[in-house]
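To start, the structure under review is shown below, and the notes come after it.
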2 protein chains.
Amino acid sequence: MPIRSNDQIIHKAAWLYYTHGMRQDEVAQRLEISRASIAMYLRRAREMGIVTITTSNELFSDDVLARELEDATGLTSVWIVPEDRQAMDPAAEMPVVAASVFLELINKGDRIGVAWGRTVYHIADVMPFADLRGVTVVQLCGNLGAPYSYRPDQCTTEIARRLNAEGINLYAPLVLSSERLAEELRSEPVIREQLATISDCQLALYSVGGIEDDSHLVKCGALSAAEMHAMGSKGAAGVIAGQLIDRDGQWMDCGHNRRCMSADLGSIRAIKKRMLVVQEDSKFEPLVAALKGGFASHLIVTASMARRILDRWRTEGLDRNSSGKT
Amino acid sequence: MPIRSNDQIIHKAAWLYYTHGMRQDEVAQRLEISRASIAMYLRRAREMGIVTITTSNELFSDDVLARELEDATGLTSVWIVPEDRQAMDPAAEMPVVAASVFLELINKGDRIGVAWGRTVYHIADVMPFADLRGVTVVQLCGNLGAPYSYRPDQCTTEIARRLNAEGINLYAPLVLSSERLAEELRSEPVIREQLATISDCQLALYSVGGIEDDSHLVKCGALSAAEMHAMGSKGAAGVIAGQLIDRDGQWMDCGHNRRCMSADLGSIRAIKKRMLVVQEDSKFEPLVAALKGGFASHLIVTASMARRILDRWRTEGLDRNSSGKT
DNA sequence: TCAGGACATTGACTTTTGTCAGCTATGATG
DNA sequence: CATCATAGCTGACAAAAGTCAATGTCCTGA
């Protein structure tokens with residue numbers, strides 16, 4: 001199609017509209033054609049690449065990565081903790097970012113579920129003080145001795161204290177010695193009611209645990225290293241609120257899980273805003289399992305972790321957005 | 001306060017709107033804020049350079065006259081600002097075209113030299129925002145009080161700011177009161193090093209100054225009208241980066257030039273892409289001198305100026321392409 | 001602690017843009 | 001020379017975006 005005179009007018013229209021910021025009717029007047037035609041020319045100019053609209057990739061690379069991850073995984077919101085050259089350690093920065101994001105996700109009168117782990121403890125530790133009267137913080141899983149500073153109940157209490165919110169603890173051990181006892185305890189009205197209200201939460205905060213020898217559950221003595229190994233070979237991939245999940249993020253029907261006093265995974269998934277924070281790059285596989293299991297709507301990770309997830313999603317063809325992007 | 005939480009939401013809005021093509025109300029719904037806010041965020045995203053809208057400037061280079069001028073003069077590339085009824089005021093349009101072309105000539109990691117003058121100031125003033133981290137903008141000539149809005153250093157800084165590039169200023173006066181002082185200052189390591197890097201630039205931007213009473217140098221007080229007259233009768237034809245050149249575009253061995261703190265003309269000529277922008281038709285003779293001196297590889301002029309150059313080249317038999325053209 | 005200011009956010013309203021059926025000019029064809 | 005096809009253009013209406021005064025929120029400093 002050698003008709004260049006046509007392209008010329010498109011170029012002119014695009015220039016006047018986009019570069020000079022004229023309105024379509026002004027452009028139409030100047031070029032002495034109808035505004036409808038200008039609208040059409042402009043569309044063609046965009047299609048032909050005479051004008052290009054790009055979101056900045058260099059300057060906001062972390063934001064771009066976050067958006068791409070959201071697009072690929074369908075997560076509501078992703079925050080990337082930058083791995084700045086000279087900036088501080090990303091792992092150290094993360095709890096601060098997580099705490100402030102967490103705070104912003106809270107609405108008046110919300111009920112918030114908090115699980116436990118090293119990460120959650122660190123977040124509690126840097127949680128800013130706020131006046132969130134009317135908010136309730138509930139403990140998502142039973143108690144256990146701590147290799148770190150806080151026990152689960154103390155963690156919940158600390159967060160509640162800083163937010164000026166009400167803290168509700170789950171007064172039960174995380175793991176019982178028999179399934180029967182766990183079952184009976186779960187039937188106790190006080191406990192049952194508390195576990196039942198978990199799905200009413202508007203927001204949950206947790207991390208995902210690994211299944212290595214140095215994992216949280218092992219360190220706390222909830223599970224021996226040998227048992228953990230065994231579970232690993234049976235397909236366990238990570239830990240959510242004290243419970244083992246498989247590679248697809250499904251609850252595993254195993255002794256440990258049956259003896260566990262913790263939020264039902266279905267209840268957790270029912271919470272609208274599920275904020276998952278992962279500090280260590282070594283937790284990649286557990287994180288993948290947690291994401292596949294639908295345990296996150298809001299994710300906070302390092303840039304490198306984000307890239308790995310993105311890679312995985314793309315290679316496995318899980319990318320929800322396989323079609324056009326910039 | 002979360003780091004850049006504001007920018008995050010702006011980036012997200014821009015991403016959904018521009019990259020995904022969602023409507024503002026859809027974005028608003030997704031981010032759970034009002035559509036009015038989205039409209040505001042999007043405006044800021046454009047202002048901040050989070051999204052960039054660029055228009056092709058083919059309109060100005062795709063022109064018979066431009067081709068002829070390139071052929072005749074051996075210039076790499078010529079852009080013609082038309083003077084027809086449909087176009088904007090050519091004098092006002094030129095800085096816009098120049099800024100757009102300039103932007104297109106920049107590559108990743110480039111070092112760019114910027115001189116000073118009314119034209120360059122106007123270009124800086126309409127320079128679009130862009131995402132050019134890694135680019136360095138260096139000041140080609142020393143500083144001087146400004147009859148216009150910017151001093152040379154501010155001009156460099158402004159361009160760097162809009163491009164998100166690094167700006168490097170030359171902290172020295174444009175003209176010193178004695179040759180000895182100028183010489184000594186040029187030997188100062190800081191200054192010397194900076195002047196030495198100028199030939200490493202990949203791109204330079206400047207205009208050419210006239211030698212009339214209302215010329216830039218005279219208005220700024222760098223040279224009295226009488227001195228300028230005297231230089232004119234000694235053969236001065238124009239001004240490049242604060243320095244007088246003769247009719248052949250050669251550096252003039254005169255007091256002013258020796259007292260001048262500016263890029264060595266040889267260094268400027270060593271820059272591969274030398275973008276010369278001339279707005280006023282009255283600058284015809286200075287422009288001819290600049291072209292003869294090899295100060296341009298890329299030229300932006302009005303159509304009438306282009307025709308005058310072409311005439312001159314042909315009457316003087318300088319046309320490189322006297323034989324048949326395709 | 002509270003008044004006051006700065007700034008973000010919103011709903012309601014206005015302006016601008018997108019769309020499409022139908023009109024017009026052109027030119028190719030039988 | 002009439003007819004048809006085609007592409008381009010337009011008017012009128014619907015949809016979307018822009019704007020602004022009013023309101024809400026947060027912070028500062030007395």
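These numbers come from a predicted model, not from an experiment. Quick note: numbers below take in every heavy atom, side chains included, and nothing from hydrogens, waters or symmetry partners. Residue numbers begin at 1 in each chain, while the letters A, B, ... track the order of the sequences.
Between A:Glu32 atom CD and D:dC9 atom P the separation is 14 Å, expressed in whole Å. Atom C1' of nucleotide D:dA17 and atom CD of B:Glu26 are separated by 13 Å, given to the nearest angstrom. The CG-P distance, from A:Asp25 to D:dC9, rounds to 18 Å in whole Å. In this structure, the CG atom of A:Leu42 is 9 Å from the P atom of C:dT17, given to the nearest Å. Remark: P of D:dT10 and CD1 of A:Ile9 are 10 Å apart, rounded to the nearest angstrom. At whole-Å resolution of the value, CE in B:Met22 and C1' in D:dA16 are 14 Å apart. Following rounding to the nearest Å, A:Met40 (CE) and D:dA7 (P) show an atom-to-atom distance of 12 Å. The separation between B:Arg43 atom CZ and D:dC20 atom C1' is 11 Å, rounded to whole Å.
Although no hydrogens or angles enter the test, the distance criterion places no donor-acceptor pair under 3.5 Å between the side chain of A:Arg44 and the main chain of A:Ile50. Checking side-chain atoms of A:Thr197 against main-chain N and O of A:Asp200 turns up no donor-acceptor pair under 3.5 Å.
Within the 4.0 angstrom heavy-atom criterion, no nucleotide atom of any strand lies near A:Ile38.
If you check D:dT10, D:dG8, C:dT17 against the side chain of A:Ile33, the one that comes closest is D:dT10. If you check C:dT9, D:dT10, C:dG18 against the side chain of B:Tyr41, the one that comes closest is C:dT9. When distances are taken from the side chain of B:Ser34 to each of D:dT19, D:dG18, C:dT9, the shortest belongs to C:dT9. For A:Gln24, whose side chain is taken as the heavy atoms from C-beta onward, the closest listed nucleotide among C:dT10, C:dT17, D:dC9 is C:dT17. Which of D:dG8, C:dT10, D:dG11 sits closest to the side chain of A:Arg44 comes down to D:dG8.
A salt bridge does not link B:Glu32 to A:Lys273: none of the charged side-chain nitrogens sits closer than 4.0 Å to a carboxylate oxygen.
Position along DNA chain C of the nearest nucleotide to A:Arg23 versus A:Ala39 favours A:Arg23 as the more 5'-ward residue.
B:Leu105 has its side chain within reach of B:Met275: a pair of non-hydrogen atoms, C-beta onward, lies under 4.5 Å apart.
For D:dG18, the base has a donor-acceptor partner in the side chain of B:Arg35 [N/O atoms by modelled type, under 3.5 angstrom].
Within 6.0 Å of the CZ atom in B:Arg30, the count of heavy atoms belonging to other residues, nucleotides or ligands does not exceed 12.
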